[in-house]
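Single-structure report; data block below.
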Amino acid sequence: MITSTSSSQVKTVVSLQKKAKTRKETKQFVVEGMKMVSEVPQDRLVKVYFSESFAAANVSFLNKFAKEQTELVSDIVFAQMSDTKTPQGALAIVKMAQYTVQDMMKDKPLLLLVENLQDPGNLGTIVRMAEGAGVTGVILSPNTVDIYNPKTIRSTMGSIYRVPFVIAPDLEEVFAWFKKQRVRSYAAHLKGKGWYDEASYTGGTAFLIGNEGNGLTDATAGQADCLIKIPMKGQLESLNAGVAAAILMYEASRQRRKEYE
């Protein structure tokens, strides 16, 4: 059992939790909690750490993992390894998945392009909703918050394991790829000429979601095939990025479901 914070394993976990650079270099990240740990794909699981008290109370859960994959940690040390104020007592190091745009190209793909989003909780929630709405892939601009940020990971509630995503260094190339694949792109925008629920999303579709405060850059909005509006009462000018994404994704999901009824 690990009882010291000077342990190299403890230092590795803490570094993965706090430093995006470490995550990128090792191509690994950390997940916490029983649900996130239990859903890790076996071929991507590196190591599982359990606090002493958790292990004593959850023997059957520990038995799901090979002994060589697990490590017991004193409660005090585990608290240092965790990124949460009230740790559940289980965390794991996981290998990053490597996706390509081809992994997203299902029949009539439904894609989400996220530009410069900065809130980790927002991004995690969007990935979670993307899975629920049947989105086939998420494309991230280089300046978007790290998808492996611990807060983002927690907010995905496990969807991080199942939703393909890529970080695109050049969005112009992405739009060229959209055109080649006959994927029509839609941006929710104040200058939109039609309501979001008037367009058809039953073919290849990509929704563009921008920064929380500034929305999409003019360059990216200008690349969209169509600017659409979400109606709002009162004096609101915009919606939370995650809320806007959910409205658009689920409208596409509704249309596609209707098409096959």
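Every heavy atom of this structure was used, including side-chain atoms; hydrogens, water molecules and symmetry mates were not. Positions are given from 1, in the same order as the sequence printed here. Since we're looking at a predicted model, the values are computed, not measured.
Within the structure, salt bridge (charged side-chain N to carboxylate O under 4.0 Å, His left out) pairs that include any residue of residues 135-161 comprise R23-D146, D83-R154 (at least two apart or interchain). Each salt bridge (charged side-chain N to carboxylate O under 4.0 Å, His left out) pair with one or both residues in residues 32-48, not counting sequence neighbours, appears once here: K35-E39, E39-R162, K47-E71. Screening residues 95-137 for ring-ring contact (aromatic ring centres under 6.0 Å, His included), with sequence neighbours left out, gives Y99-F165. Sorted by first and then second residue, the pairs that involve residues 103-117 and meet salt bridge (charged side-chain N to carboxylate O under 4.0 Å, His left out), not counting sequence neighbours, are K108-E259.
Residues T220 and L171 come closest through the heavy atom pair OG1-CD1, 3.7 Å. Nearest heavy atoms, V10 versus S4: CG2-O, 3.8 Å. Nearest heavy atom pair, residue A252 against residue F207, reads CB-CE1, 3.8 Å. When all heavy atoms of I2 and S7 are compared, the pair lying nearest together is CG2-CB, 3.7 Å. Nearest heavy atom pair, residue A221 against residue L227, reads O-CD2, 3.7 Å. Of all heavy-atom pairs spanning I126 and G242, the tightest one is CG1-CA, 3.7 Å.
Residue I147 holds its CD1 atom at 10.5 Å from CG of N149, rounded to the nearest 0.5 Å. A distance of 14.0 Å separates CD1 in I76 from CZ in F78, rounded to the nearest 0.5 Å. Between the OG1 atom in T217 and the CD atom in Q223 there is a gap of 9.0 Å [rounded to 0.5 Å]. Note that OG1 of T70 and NZ of K64 are 14.0 Å apart. Values are rounded to the nearest 0.5 Å. Interatomic distance, R128 CZ to T156 OG1, rounded to the nearest 0.5 Å: 8.5 Å. Expressed to the nearest 0.5 Å, how far OG1 of T202 lies from CZ of R254 amounts to 11.0 Å.
Each of M34 and V30 belongs to its own hydrophobic cluster when Ile, Leu, Val, Met, Phe, Trp and Tyr are linked at side-chain heavy-atom distances under 4.5 angstrom. Residues Y161 and M157 do not share a hydrophobic cluster, defined by chaining ILVMFWY side chains whose heavy atoms lie under 4.5 Å apart. Following chains of ILVMFWY side-chain contacts shorter than 4.5 Å, one can reach L45 starting from F54, so the two form part of one hydrophobic cluster. Hydrophobic clustering of Ile, Leu, Val, Met, Phe, Trp and Tyr side chains at less than 4.5 Å, counting indirect connections, keeps L16 apart from V40. Cluster membership check: V37 shares its hydrophobic cluster with M96, using side-chain heavy-atom separations under 4.5 Å among Ile, Leu, Val, Met, Phe, Trp and Tyr.
In summary, the side chains of Y49 and Q9 do present a donor paired with an acceptor at a separation below 3.5 Å, with no hydrogens or angles considered. No side-chain donor from either of N116 and T144 sits under 3.5 Å from a side-chain acceptor of the other. Between Q69 and Q42, the side chains place a donor N or O and an acceptor N or O closer than 3.5 Å (distance only, hydrogens not considered).
The backbone N or O of S53 sits less than 3.5 Å from a side-chain atom of D75, completing a donor-acceptor pair. S15 places no side-chain N or O within donor-acceptor distance of the main-chain N or O of K11, the cut-off being under 3.5 Å. At distances below 3.5 Å, at least one donor-acceptor pair connects side-chain atoms of E212 with backbone N or O atoms of Q118. With hydrogens and angles ignored, the 3.5 Å screen pairs no side-chain donor or acceptor of S253 with any backbone N or O of M249. Judged by distance alone, with hydrogens and angles left aside, the side-chain atoms of D225 form a donor-acceptor pair with the main-chain N or O of S185 at under 3.5 Å. Between the side chain of T205 and the main chain of G203, a donor-acceptor pair closer than 3.5 Å is present. For the pair T152 (side chain) and L123 (backbone), a donor-acceptor distance under 3.5 Å is absent.
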In sequence, state the C-alpha distance, the side-chain angles, and the governing distance for F175 and E172, and then conclude on side-chain contact (heavy atoms from CB on, under 4.5 Å).
-> CA-CA 5 Å; F175 284 103; E172 285 193 12; 5.8 Å; no

Q) So V73 and S51, side-chain contact (heavy atoms from CB on, under 4.5 Å) or not? Walk me through it. A) CA-CA 5 Å; V73 184; S51 69; 5.7 Å; no

Give the intermediate values and the outcome of side-chain contact (heavy atoms from CB on, under 4.5 Å) for residues L248 and Y196. CA-CA 7 Å; L248 298 177; Y196 79 99; 3.7 Å; yes

Pair N211, L117 - check side-chain contact (heavy atoms from CB on, under 4.5 Å), show working.
CA-CA 4 Å; N211 175 272; L117 205 68; 5.8 Å; no

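The side-chain heavy atoms of I209 and L113, taken from C-beta on, include no pair separated by under 4.5 Å. Looking at heavy atoms from C-beta onward, I93 lies in side-chain contact with V13 at the 4.5 angstrom threshold. Looking only at side-chain heavy atoms (C-beta outward), E52 and L72 stay at 4.5 Å or farther from each other. Counting heavy atoms from C-beta outward, V114 and V138 have side chains that approach closer than 4.5 Å. Between M104 and P109 there is no side-chain heavy-atom pair separated by less than 4.5 Å. Using a 4.5 Å heavy-atom threshold, the side chains of T136 and L111 count as touching. Between V166 and L140 the shortest side-chain heavy-atom distance does not fall below 4.5 Å. Q28 has its side chain out of reach of V94: every pair of non-hydrogen atoms, C-beta onward, lies at least 4.5 Å apart.
Annotation: side-chain hydrogen bond (donor to acceptor under 3.5 Å, both in side chains) contacts of E173 (sequence neighbours excluded): none. Considering only residues two or more places apart in sequence or on other chains, S155 meets the side-chain hydrogen bond (donor to acceptor under 3.5 Å, both in side chains) condition with none of them.
Within a 6.0 Å radius of NZ in K19, other residues, nucleotides and ligands contribute 12 heavy atoms or fewer. Atom CG of N63 has more than 12 heavy atoms from other residues, nucleotides or ligands within 6.0 Å.
Ring pair Y186/Y201: centre-to-centre distance below 6.0 Å.
The aromatic rings of F61 and F50 sit perpendicular to each other, their planes meeting at more than 60°, with 30° as the lower class boundary.
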